[in-house]
Every structure is written in C-alpha cells, then in structure tokens.
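So you know, we letter chains A, B, ... as the sequences are listed, proteins then strands, and number each from 1. Values in this document were obtained by computation on a predicted structure and should not be read as measured data. Atoms considered below: every heavy atom in the structure, side chains included; atoms not considered: hydrogens, waters and symmetry mates.
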Number of protein chains: 2
Amino acid sequence: MENKVTLKELSKILNVSISTVSKALNDSSEISHETRQRVKELAKLNNYLPNAMAQNLKKKSTRTIGVIIPAILPQFFSKVLHGIETRANKLGYKVIVCISNESLEKEKDGILTLITSQVDGLIISLARETQTMGSYDHFQMVSQYNIPLVLFDRVTSQIDCDKVIIQDREEARKATAALFRSGCKNVAYFSAISHTSVDNERKRGYEMACENLNKRIFTYTVETNEDFDKFFQHEFIKRSIDGILVADELTAILLMKTALKRGLQIPLDLSVIGFANGTMGEHFITSLSVVDQRAMDQGIQAVDLVVDRIEGRTKEDPVEVSLEATFIYRESTRLISA
Amino acid sequence: MENKVTLKELSKILNVSISTVSKALNDSSEISHETRQRVKELAKLNNYLPNAMAQNLKKKSTRTIGVIIPAILPQFFSKVLHGIETRANKLGYKVIVCISNESLEKEKDGILTLITSQVDGLIISLARETQTMGSYDHFQMVSQYNIPLVLFDRVTSQIDCDKVIIQDREEARKATAALFRSGCKNVAYFSAISHTSVDNERKRGYEMACENLNKRIFTYTVETNEDFDKFFQHEFIKRSIDGILVADELTAILLMKTALKRGLQIPLDLSVIGFANGTMGEHFITSLSVVDQRAMDQGIQAVDLVVDRIEGRTKEDPVEVSLEATFIYRESTRLISA
DNA sequence: CTGAAAGCGCTTACAG
DNA sequence: CTGAAAGCGCTTACAG
C-alpha cells in the first residue's frame, strides 16, 4: 500500500536536497559523516530501495546479462545456466533468460527483447534452426548496438565474437579410437541433433578416427523410438556393429534401453559412449561412459569473457576458449587400454 | 560502433519534434498517416530500438517477472521454469531468474535485487533453509512495495499471497494406499528434502494412509549413498519392508539402484513410487511409477496468477490453485487393483 | 559540506 | 496535425 519510497521523499523528511541524499547513500566523501548517517538511517527505516530503471538510464549500464539458450530441458543447458547464474551473481550481474526453443524466430525475438532491455552483454547458444538455415543476419543488430557477445557450445565461424566450446572434434575422434582399441570392430555414430555445429564436429571427429584406422563409416540420424528398433533389426545385424558413439545423452540412453530390451549385453555385445555428462547417464544401469562437456565451466567461462568485454578488459581480437573435455569411464564400455 | 539510435536523433533527421516521433512510433492517431510512415521507415532503416529503461521509468511498468527457484538442476524446477518462460513470453513479459541455492540469504538477496529491478511481479519457490528456519521476514518488503507474489510448490501459510501447488498430502496418501493394495505389507517413506513444505505434506499423507490401515510407520531421511546401504543392511530386513514412497526423483533412483545391485527384484521384492515426473525415472530400468507433479502446469498457472494480479484482474482475496496430480503407473509397482 | 541544475530517453497531458 | 513542456527517479559536474 505504502508503495515505493524515493529520494525525493527522503529529502523532504530530512530537509536536505535530493543531491545530498543521493550522495550520502552512495557514500560520497563530499557529504559530512553525520549527514550520511542520518540519511542512511532514514533510508533503512523506510526500506528504501533505489529504482534501477532510473539509475541505469543515467549510468547507461544495467549490470544485466542476457542469455539465450535453445532449450532448458536437456540437463546440459540447465547446468550451463546454473554456471552462468552463479558466476554472474558473484560478479554483481543479473541474468535475463530467453529460451529459443530451437527456433530461429524466437532467437531473433530474444535478441531484440534483450537489446531493448539494455543488457550489458549477451551469452547465446544457437538454435538448431538457426544453424540449419545458416541464417545469422539478426546478429548485425548486436554488433551495431555494440553489445559484447559470447557464443557457447553451438557456435559459428560466421559470427565474429568471443566463444566457449569444448574440443568436440578431437574428443569424438579420441572416443571413437578408444572404442576400437577396446575391441570394437564396427563403430557407428548416432545423432538426434543433426545440422548443429556440435553434431558436425563430433561426426567429423568420428569419421577421422575411422579413416585413420581404415574402418567403415556408419552414421545414423535418430528421432523416434522406431528408428532405434529399425536400426537393431537391420543395420545393427547387417553391419555387425558393436560400438556406438552418441552425440547426446538422451539418445544414448534410449539406444541402450532398446539394446537391453532386445537382450543385448552392454558392453559385451555393444559398447556405447555418449556426450554431455548428466545424472541420467550416471545412474542408468548400465552407467554410461561419456565425454564430459563441462557444462558448468562453459557457463562460468562465458560470463568471464562477456564481463571482461563489458568492463573493457579485453583488447580487440575475439577470444575463443576451447575447454579440454574429460572422458568419464563407466560401465557401458569395455576396459580401454591406454 | 554506431551505437544506439534515439528518438532525438530521428527527430533531428526528419525535422520534427521528439513528441511527434514518439507518437508516430506508437501509432498514435494524433499523427498524420504520412508522417507516421516517414518516421517508421527511418526508424527501421536505422534499426531503432526503444530504450526500455526510459520507457519503464515513465510508464512505471517493466513487463518483467522475477523468478526465484531453490535450484535448477532437479528437472522439476527446470520444467517449471520452462513453463514460466513460455507462458510469460506469450503474454509479453520477460523473466529474470535468481537461484537461491536453497539458501535463505540468497533468497533475500534475490528479492532485493528483483524489487530494485522493478519487476512487476514475483514467482517464488521457497529455499529449503527458509522453510527450515521458518524465517519469512524478507517478504515484508514485497508486500510493502505492493508487488504481486505467487508462491509455488514450496509454500507456507505464513505468507498471504496467491499459491500454486499439487495436492501433495492427498497424492501421497493415495500412493501409499495403492502400495498396500498391490500387496505390500510394510511401506516406508523416504525423503532427502526434509523440512520443506512438500516433504511435510507428503509425509503426513503417507502417515494417514498407514493409520487408516493400521500399519506401522517407517520414515527415513537419506542423504548419502551410505544411508541407502545402511538401510538395506538393517531396517529393510528387520522391518520386512516391501514398499517405499519416495519424496523426490533422484532419491527414488538411487534407492532402486542400490536395491537392484543387492540383487533385489523390483517390484517383486520391493515396490517403489516416486514424486515428480522426470526423464530419469521414465527411462530407468525398471521405470519408476510416479506422482506427476505437473511441473509445466505449475509454471503456467503461476504466471497466469501473477499477471492477473499485475493487470488488476483479481480482487482482494489470495487465490490458491491446487492442481490435481496424476499417477503414472510404470514398472516399479505391481499391478494395482482399483 | 550542501544544493541547484542539467540530463539520461522516453511519454503524455496541454496548447496552438 | 504538431510541438513545447513537464516529469519518471536518479547521478554528477558545477557553484557557492
């Protein structure tokens, strides 16, 4: 009922000017110690909170970071968001979140909304549709408005900005090689996120490993449960596949589920390695060996990069942070000799 | 480089007043059709975007909803957030997210930050520490500043505001009764979220079911893996427990994992029902029967309630929406006769 | 040490 | 139909 208290009201009560109140609350050395005390007491008494809109308008900084993620349900993205939120808060920044839902249009809207909201910086992982269409015009706004931008995980060389990624290609290559080393004869690649940058990279890494060892390449796009069934009925048998690298966690779990239901033994009949490191893969029986995408670290790094830009600590050239991923050895793979 | 365009600059180029530009962009009927066209064209040409800080300061509305969740990693909360974000966007609101990390202090900070940010409304699920200590003083600020508030899932009768919950007590009672009906002789209650409102309610519902049927009550608080091992070594045998109601998904999974590792059969030797409805329980082998907490719906309802308040569509009295949860029958329970 | 004034970028009565 | 003016709640040179 009593509603917001303003500097003006405090100044009236104390019979001093608004300027004095403002300076006192900001601990300006211009103001006498005694006045500072009086002002602060009254402010606390009235639960005074500044109006950030007014402050920001004046200071031309909102201490807010805008974040656009393609989805929030895959644990990878909620972990990154956790990293972003925690780090941003520690550095005194708020976070406004938009979810693009893998849609180019919603990503565009998100960018406009966030620029309008005067965010000091942006952290974005590209929508699948955006990457499929290769449509990046909407990022011109970002550079025109001179807003520091960090891309993570789903990135593109077509946008000139700071980036955070893991070494997807190299990790996929190593994981594939490890499967062969553990005794697999025919290793396939599964993905439900085709056309994303990370999928391209991982697939390429997989292919490189196969080429190096003169192995045949088998890549599959899977979307529905039937795709899995079909795979096991035909390709799995025909190609004698006994190892699979999977580009995302949920797909890896669905794959293993189908295999187990069909009476296959993991990792004896079929070895599996997944990407990302989620609770689901960790607790599944059999537990999933994974390339840890270091979600939390990606979030933290992205914040550090964007804040460095905002606060002018980075010189001109774009920075690309390529985190070294770690392989987590679990039950879905046979012992791998170093 | 070129940086933000303002009304003033547009007005200079067109040789009209700032007021005219503003009105034209807002499609005011005061302005001639021709001028409107000219203004809009120039605005588009220059990628003009309004400064929301200035607009909000004037209009005293930010069309922003502040959200505080205790955690984001449990899928329940990221699903709710997804519901909130989607619905809020559809209604033209932005979302600022704070994560309290189950800490009272961070919850307080979050509230101050969000009030300072002039959010039009708040959606909060209480931190565990807040509920444990029963410390709700920081909510006085919210009512003093007259900010519409909706509590969801973790709520308290001590705060007078709109609420969204599921009927935790009744659902727990029904689930427990169902376990007995399916043939269980001794049903226990497991929780890793003790002292939260939802835990209290679910425990109470469990107890009611036991009392109704003259069954003994066994409640356990579990935090570590050892707790599970200890349980199976002692209590499980001593009490001949063959059914367990679990207050959260992860605990249910860890419980089943331990049971399966010890060679028990689910649901033959042990039936399990969990709360929340996550991907993990769905895909676990054996899949988990659950009370669906309707995460997405809770988020949507919370937004509707808070927006109704913001836009003055609700009269005085607090509204409590109590969603009917649905039971999802899966493999972790024996067939339950109606 | 204190205060008057200008201004951040908008919107909106009000006058013409 | 257009524009001058006031004001949203702050901050910050500048004067005194």
Side-chain angles (χ1 to χ4, degrees), chain A residues 2-40 42-43 46-64 113 115-120 145-147, chain B residues 2-40 42-43 46-64 113 115-120 145-147:
Chain A
E2 180 172 330
N3 243 349
K4 338 242 173 184
V5 192
T6 65
L7 290 189
K8 199 200 270 187
E9 294 169 286
L10 297 180
S11 76
K12 261 183 200 147
I13 299 175
L14 289 169
N15 249 315
V16 295
S17 74
I18 296 176
S19 333
T20 301
V21 177
S22 170
K23 288 176 191 161
L25 289 177
N26 290 313
D27 262 324
S28 159
S29 58
E30 279 184 64
I31 305 296
S32 76
H33 199 262
E34 195 217 321
T35 309
R36 264 192 265 175
Q37 287 310 107
R38 281 177 56 220
V39 171
K40 286 189 180 173
L42 188 75
N46 288 283
N47 287 328
Y48 170 76
L49 286 179
N51 180 329
M53 294 302 125
Q55 288 182 318
N56 297 337
L57 185 57
K58 194 88 249 265
K59 297 206 207 160
K60 286 157 166 303
S61 139
T62 55
R63 291 195 84 79
T64 301
T113 305
I115 295 180
T116 301
S117 299
Q118 310 296 117
V119 294
D120 292 343
Y145 275 80
N146 232 332
I147 300 174
Chain B
E2 181 173 328
N3 244 350
K4 339 240 173 184
V5 191
T6 65
L7 291 189
K8 199 199 271 188
E9 293 168 286
L10 296 180
S11 76
K12 260 182 199 149
I13 300 176
L14 289 170
N15 250 314
V16 295
S17 73
I18 295 177
S19 332
T20 302
V21 178
S22 170
K23 288 175 191 162
L25 289 176
N26 290 313
D27 262 325
S28 159
S29 58
E30 280 184 66
I31 306 295
S32 76
H33 200 262
E34 195 218 319
T35 309
R36 264 193 262 172
Q37 286 311 106
R38 281 176 56 216
V39 170
K40 285 189 182 174
L42 188 75
N46 288 284
N47 287 329
Y48 169 76
L49 287 178
N51 180 328
M53 294 303 125
Q55 288 182 316
N56 298 338
L57 184 57
K58 196 85 248 268
K59 299 206 210 159
K60 288 160 167 300
S61 140
T62 54
R63 290 196 84 79
T64 300
T113 305
I115 295 180
T116 301
S117 299
Q118 311 294 117
V119 293
D120 291 343
Y145 275 81
N146 231 333
I147 300 174

A.B. asks: Is a side-chain donor-acceptor pair under 3.5 Å present for S17(A) with T20(A)?
C.D. replies: yes
A.B. asks: If you look at every strand shown and take non-hydrogen atoms under 4.0 Å, does S32(B) touch a base, only sugar-phosphate, or nothing?
C.D. replies: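 Sugar-phosphate only.
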A.B. asks: Sort out the partner of dC1(C) for me: Watson-Crick or G-U wobble, both distances under 3.5 Å, none otherwise.
C.D. replies: dG16(D)
A.B. asks: Expressed in angstrom and rounded to an integer, what is the separation of N56(A) atom CG from dC10(C) atom C1'?
C.D. replies: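 So the CG-C1' distance, N56(A) to dC10(C), works out to 15 Å.
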A.B. asks: Quick one: CD on Q55(A) to OG1 on T62(A), what's the gap to the nearest 0.5 Å?
C.D. replies: 11.5 Å
A.B. asks: Of the candidate nucleotides dC1(C), dT11(D), dT11(C), which contains the atom at the shortest distance from the side chain of K58(A)?
C.D. replies: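 Between dC1(C), dT11(D), dT11(C), the one nearest the side chain of K58(A) would be dT11(D).
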A.B. asks: Taking only N and O in the side chain of Y48(A), is any of them less than 4.0 Å away from OP1 or OP2 of dC10(D)?
C.D. replies: yes
A.B. asks: With nearest nucleotides of DNA chain C determined for E30(B) and L49(B) from heavy-atom distances, which residue corresponds to the more 5′ nucleotide?
C.D. replies: L49(B)
A.B. asks: Side-chain N or O of N26(A) versus OP1/OP2 of dT11(D): is the shortest distance under 4.0 Å?
C.D. replies: yes
A.B. asks: Just N and O in the side chain of S17(B): are any of them under 4.0 Å from OP1 or OP2 of dA4(D)?
C.D. replies: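 No, no such contact exists.
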A.B. asks: Applying the side chain to side chain contact (heavy atoms under 4.5 Å, CB included) criterion to S11(A), which one of T6(A), I18(A), L42(A), V39(A) satisfies it?
C.D. replies: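 With S11(A) as partner, side chain to side chain contact (heavy atoms under 4.5 Å, CB included) holds for just one option, I18(A).
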A.B. asks: In whole Å, I'd like the distance from the CG atom of L14(A) to the C1' atom of dC1(C).
C.D. replies: 16 Å
A.B. asks: Identify which nucleotide among dG3(C), dC1(C), dG7(C) has an atom closest to any side-chain atom of V16(A), counting heavy atoms from C-beta outward.
C.D. replies: dG3(C)
A.B. asks: Whole-Å distance between dC10(C) C1' and L10(B) CG?
C.D. replies: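 Answer to the nearest Å: 12 Å.
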A.B. asks: When you get a sec, tell me which of dG3(D), dC10(D), dT2(D) is the closest nucleotide to the side chain of L7(A)?
C.D. replies: dC10(D)
A.B. asks: Give the rounded distance in Å between these two atoms: CG of N51(B) and P of dC8(C).
C.D. replies: 12 Å
A.B. asks: Any donor-acceptor pair under 3.5 Å between the side chain of K23(B) and the base of dG3(D)?
C.D. replies: yes
A.B. asks: Specify the separation, in whole Å, of atom CE of M53(B) and atom C1' of dT11(C).
C.D. replies: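 After rounding, the reported distance stands at 16 Å.
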A.B. asks: With rounding to the nearest 0.5 Å, note down the distance linking CG in D27(A) to NZ in K40(A).
C.D. replies: 3.5 Å
A.B. asks: Scan L49(A), N51(A), L10(A) and name whichever one has a side chain to side chain contact (heavy atoms under 4.5 Å, CB included) with V5(A).
C.D. replies: L10(A)
A.B. asks: Tell me: CG of N15(B) to P of dC1(D), nearest whole Å?
C.D. replies: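 Spelled out: CG on N15(B) to P on dC1(D) is 20 Å.
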A.B. asks: Any idea which of dA4(C), dC10(D), dC1(D) is nearest the S19(A) side chain?
C.D. replies: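 Minimum distance to the S19(A) side chain belongs to dA4(C).
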A.B. asks: Confirm from the modelled atom types if K60(B) and dG7(D) form a donor-acceptor pair under 3.5 Å, side chain to base only.
C.D. replies: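 No such pair is found, so the answer is no.
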A.B. asks: What's the closest nucleotide to the T20(B) side chain, out of dT11(C), dT2(D), dG9(C)?
C.D. replies: dT2(D)
A.B. asks: Please test R63(A) against D120(A) for salt bridge (charged side-chain N to carboxylate O under 4.0 Å, His left out), starting from the C-alpha separation and ending with a verdict.
C.D. replies: CA-CA 6 Å; R63(A) 291 195 84 79; D120(A) 292 343; over 6 Å; no
A.B. asks: Figure out the CD1/C1' separation between I31(A) and dT12(D), and round it to whole Å.
C.D. replies: 12 Å
A.B. asks: Could you state the CD1-P distance from I18(A) to dG7(C), rounded to the nearest angstrom?
C.D. replies: 17 Å
A.B. asks: Does the side chain of Q55(A) get closer than 4.0 angstrom to OP1 or OP2 of dG9(D) through an N or O atom?
C.D. replies: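 False: Q55(A) side-chain N/O out of range (4.0 Å or more) of dG9(D) OP1/OP2.
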A.B. asks: Which one, dC8(D), dC1(D), dT11(D), comes nearest to the side chain of T35(B)?
C.D. replies: dC1(D)
